[in-house]
Structures are given as C-alpha cells and as structure tokens.
Amino acid sequence: MKDNILLPATRDCMFKALMLKPELNGFLKELINIITGIPLDALEEIKVQNTEYTIANKNDKKMRSDVIVSIGNKYINIEMNKEYYRGVFNKNDAYISKIKASIYKESEDYIDAGQVIQINFNDFYHFKYKKDIYKFLFLEEETYELDEDSTVKYHVCLPNIWDRCYNKNISELTRFERFCLILKTEEKEYANKVAGDDEVMMSIVDEIAKLSVDDTMIGLYDAEIEEEKIRKTRLKGARLEGLEQGIKEGIAQGIKQGIEQGIEQGVKQGIEQEKKEIVKSLYHLNIPLESICKASKLSLKEVKDILNIK
C-alpha cells in the first residue's frame, strides 16, 4: 500500500472499524448529533450494541448491521451502503424490523419500548433532489398526519457532498462536510488537508491510515471487493444469458412469423393468379367485359390491365 493511499471508509469493513472504535466515540457522537439533532450531552450515555441478530429458527437468515448504538430507549442503526442495487433499502428496513422485534420482546409494554432511528450513508445518488440529508417519517399522504410508528430514517448522500465540496476552500466547509470528505477520500494528503488541526478529525485520519496498512484489514477489504466483483459478474452473466435467450426466442418467433407470412402471401398470390387466368378464359369466350368484372369482382381498369388492352 503506497504511503499516500488510504482505504476509503465507504467500505463496510473500514466503516465498522472506525465507528466501533471507543477512542473515536467523539466522531460518532458528532455525526449522530448533526444528522438527528439529538443533543451532544444526551449522547454521552451512548452504548454500542451487538450487531448480530439472534436466529429465531432455522428459516431465519443470519443478519448483521454495521453499527447499532443506544441512548436510553433510543436505538440507532447506522449503515454504509457502498452502491445502489434493487433491494438495498429493503435490506436496511429488515434491520429495523429485527431491532424492533428485539426491543419489543425485552420491554414490558409497547409504549415505552423505545424508538428506532436508522442512518444510511449512501455512496451513490438515488433520490430526486440533491440534498445532503434526507429525513423520512411515516406520514398520511394527504393530511401529512404522523403515524404512531416512531421510526425515523435518514439518508446521507455522500457523493453530493463530495462533488460540491471537494474543490472548496476547507475554511468554507462545515464540520459535517469535512467528516464526509474524510470518509470518502483515498488520499492521505487530502485527508490531512481536510482535518487541519482539528483533534477529532486528525484522530480519524490517523486511524484510517493505520487500518490502511493493517494486513487483516487489507484482507477484509480485498475480500469485500472480490465479493462485489462476483456479485456483479453473476448479475452481468444473468443479463447476458437473458439477452442470448431473448435473441434465440426472437429468431425462432421471427422464423415462425416469416413462414406464416410466406404462406399467407403465397395464398394471396395464388388467388390473384387464378383470377387472372379466369379473366383471360372468359375474354377468350367472348364474354363482355362488364360481365367479366362482375364475375371476378374486379374493376374495369383491373380487368383491362390483366388483358393488356385499352
């Protein structure tokens, strides 16, 4: 690994390592405070929870969140989504359901069971408007009344911040923008520039630099990249197979339609040829042209064209 190269924290393995490191709790608390508005003094009691969900039966899938923390009866699930694929947000929602099921099971009633908050860091554009932070609640579509379900979901659009802020003067950026730039960058020199002399940010950059040369982390990082390549290869293979099958079926359908059209055209031409022969035969029998027109159901012009007369 070159001295100036960093492993980006937009990868799950790096993101988890940073967020779960006790020494970087200040960074985690500030992120939660900025995104959710929960006061920093309330976040002093933050606790890291087990991120692996209990398997209830043999049909349950093994699920593991990136980061889960709690403050009193609030539970915050934090996810890093490196790329968009159909179902990625459904997967995140499944984590919410698992957390709810767990806290409801442990609580004496459903009223004081607690609130679930999810923060998704998305390293891709998805929503229509280019906002840094999106907040989603359960609302009635016409009256905008808030549902009793207290779940709140936040989506942070990292590319929007990166594209807008990368070339800006660091003094013009907010702390949140600087945090997000550090998470995305792969250059140590730029990360140091963004961090400046801020102790919290310097500690994040130092930790990312250490993890970037750690053999275990490099192995996890490479495994994540390989897993992504395999998934993309399977998707591409499935698309190619579907395209190939579609072409084969299209050709077969085209041949079938061609045969049907050929038969139809042949029948049509045969009928027309037969009509011409009948017209000629009737003419040779000295049948009047008007009578030939009635018998063949052709116009006088058509009959004359067949007979080549004026």
| Is there a donor-acceptor pair under 3.5 Å between the side chain of Asn122 and the backbone N or O of Phe124? | no
| note | Separation between CD (Glu30) and CD1 (Ile34), nearest 0.5 Å, reads 5.5 Å
| Is there a donor-acceptor pair closer than 3.5 Å between any side-chain N or O of Glu177 and the backbone N or O of Cys165? | no
| said: For a quick test of reading the model, state the closest non-hydrogen atom pair linking Ala42 to Ile71 and the distance between them. | reply: O-CG2, 3.1 Å
| task | Name all residues meeting the side chain to side chain donor-acceptor pair (under 3.5 Å) criterion together with Lys74; count only those two or more places apart in sequence or in a different chain, and write none if there are none. | result | Gln115
| request: Could you tell me whether the side chain of Glu224 reaches within less than 4.5 Å of the side chain of Leu220, counting heavy atoms only? | output: no
| request: Output yes when a side-chain donor or acceptor of Tyr221 lies under 3.5 Å from a complementary backbone atom of Arg11, and no otherwise. | output: no
| Would you call Asp132 and Arg164 a salt bridge, taking side-chain N to carboxylate O under 4.0 Å as the test? | yes
| message | Take a 6.0 Å sphere around CD of Glu277 and say whether it holds more than 12 heavy atoms from other residues, nucleotides or ligands. | response | yes
| field | Side-chain donor or acceptor of Glu79 paired with backbone N/O of Asn92 under 3.5 Å | value | no
| said: Let me confirm one number: the CD-CG distance from Glu187 to Leu6, rounded to the nearest 0.5 Å. | reply: 8.5 Å
| message | Quick check: closest heavy atoms across Tyr144 and Leu139, and the distance to 0.1 Å? | response | O-CD2, 3.5 Å
| request: Determine the minimum heavy-atom distance between Lys131 and Asn160, stating which atoms define it. | output: C-ND2, 3.7 Å
| query | Within a reach of under 6.0 Å around CG of Asn308, are more than 12 heavy atoms found that belong to other residues, nucleotides or ligands? | reply | no
| said: With a 4.5 Å cut-off on side-chain heavy-atom distances among I, L, V, M, F, W and Y, is there a chain of contacts connecting Leu18 to Phe176? | reply: yes
| When clusters are formed by joining ILVMFWY residues with side-chain heavy atoms under 4.5 Å apart, either directly or through shared neighbours, do Leu20 and Ile78 land in the same one? | yes
| Non-neighbouring partners of Phe15 that pass ring-ring contact (aromatic ring centres under 6.0 Å, His included), sequence neighbours left out | Phe121
| Backbone N or O of Lys153 within a donor-acceptor pair of the Asn120 side chain at under 3.5 Å? | no
| For Tyr75, does its backbone N or O pair with a side-chain atom of Ser70 as donor and acceptor, under 3.5 Å? | no
| request: Mark yes when over 12 heavy atoms from residues, nucleotides or ligands other than Glu23 sit less than 6.0 Å from its CD; otherwise mark no. | output: yes
| Hphob cluster co-occupancy, Val156 + Tyr125, side-chain heavy atoms under 4.5 angstrom | no
| message | Just to verify, what does Asp206 make a side chain to side chain donor-acceptor pair (under 3.5 Å) with, not counting sequence neighbours? | response | none
| field | Whether over 12 other heavy atoms sit under 6.0 Å from Lys193 NZ | value | no
| field | salt_bridge(Asp198, Arg175) N-O dist < 4.0 Å | value | yes
| request: Would you indicate whether the side-chain heavy atoms of Glu44 and Lys29 approach each other to under 4.5 Å? | output: yes
| request: Say whether Leu211 and Ile218 are linked into one hydrophobic cluster, either directly or through other cluster members, by side-chain heavy-atom distances under 4.5 angstrom. | output: yes
| said: Within the 4.5 Å heavy-atom criterion, are Val152 and Thr36 side-chain neighbours or not? | reply: no
| said: I'd like to know if the side chain of Thr185 and the backbone of Leu181 have a donor-acceptor N/O pair within less than 3.5 Å. | reply: no
| message | Suppose we screen for ring-ring contact (aromatic ring centres under 6.0 Å, His included). Which residues come up paired with Phe179, at least two apart in sequence or across chains? | response | Phe27
| field | Leu24 side, atom CG; Met19 side, atom CE - distance, nearest 0.5 Å | value | 9.0 Å
| query | What's the spacing between Asn90 CG and Tyr95 OH if we round to 0.5 Å? | reply | 12.0 Å
| Would you call Glu302 and Cys293 a side-chain contact if the rule is heavy atoms closer than 4.5 Å? | no
| Which heavy atom of Ile292 sits nearest a heavy atom of Ile287, and at what distance? | CD1-O, 3.5 Å
| task | List the steps, then state whether side chain to side chain contact (heavy atoms under 4.5 Å, CB included) holds for Gln118 with Asp93. | result | CA-CA 9 Å; Gln118 185 171 76; Asp93 289 346; 4.2 Å; yes
| said: Rounded at 0.5 Å granularity, tell me how far CD1 in Ile76 sits from CD1 in Ile32. | reply: 4.0 Å
| Trace of the side chain to side chain contact (heavy atoms under 4.5 Å, CB included) decision for Ile306 with Tyr283 | CA-CA 11 Å; Ile306 292 170; Tyr283 182 68; over 6 Å; no
| request: Would you indicate whether Lys188, at its atom NZ, is surrounded by more than 12 heavy atoms from other residues, nucleotides or ligands within a distance under 6.0 Å? | output: no
| field | Contacts of type ring-ring contact (aromatic ring centres under 6.0 Å, His included), residue Tyr166, not counting sequence neighbours | value | Trp162, Tyr190
| Gap between atom CG of Asn81 and atom OG1 of Thr10 - 0.5 Å precision | 11.0 Å
| field | Under the ring-ring contact (aromatic ring centres under 6.0 Å, His included) test, residues paired with Phe136 that sit two or more places apart | value | Phe127, His155
| Which atom of Leu7 lies closest to which atom of Ile208, heavy atoms considered | O-CG2, 3.7 Å
| query | Can you check whether Leu31 reaches Ile119 side chain to side chain, under 4.5 Å on heavy atoms? | reply | no
| query | Do other residues, nucleotides or ligands put more than 12 heavy atoms under 6.0 Å from the CD atom of Glu140? | reply | yes
| Under the side chain to side chain contact (heavy atoms under 4.5 Å, CB included) criterion, do Val69 and Val48 qualify, and how do the steps go? | CA-CA 4 Å; Val69 296; Val48 177; 4.2 Å; yes
| request: Please report the closest heavy-atom contact between Cys13 and Met217, naming both atoms and the distance. | output: O-CE, 3.7 Å
| task | Check the pair Ile96 / Ile99 against side chain to side chain contact (heavy atoms under 4.5 Å, CB included), numbers first and verdict last. | result | CA-CA 5 Å; Ile96 293 176; Ile99 296 170; 5.7 Å; no
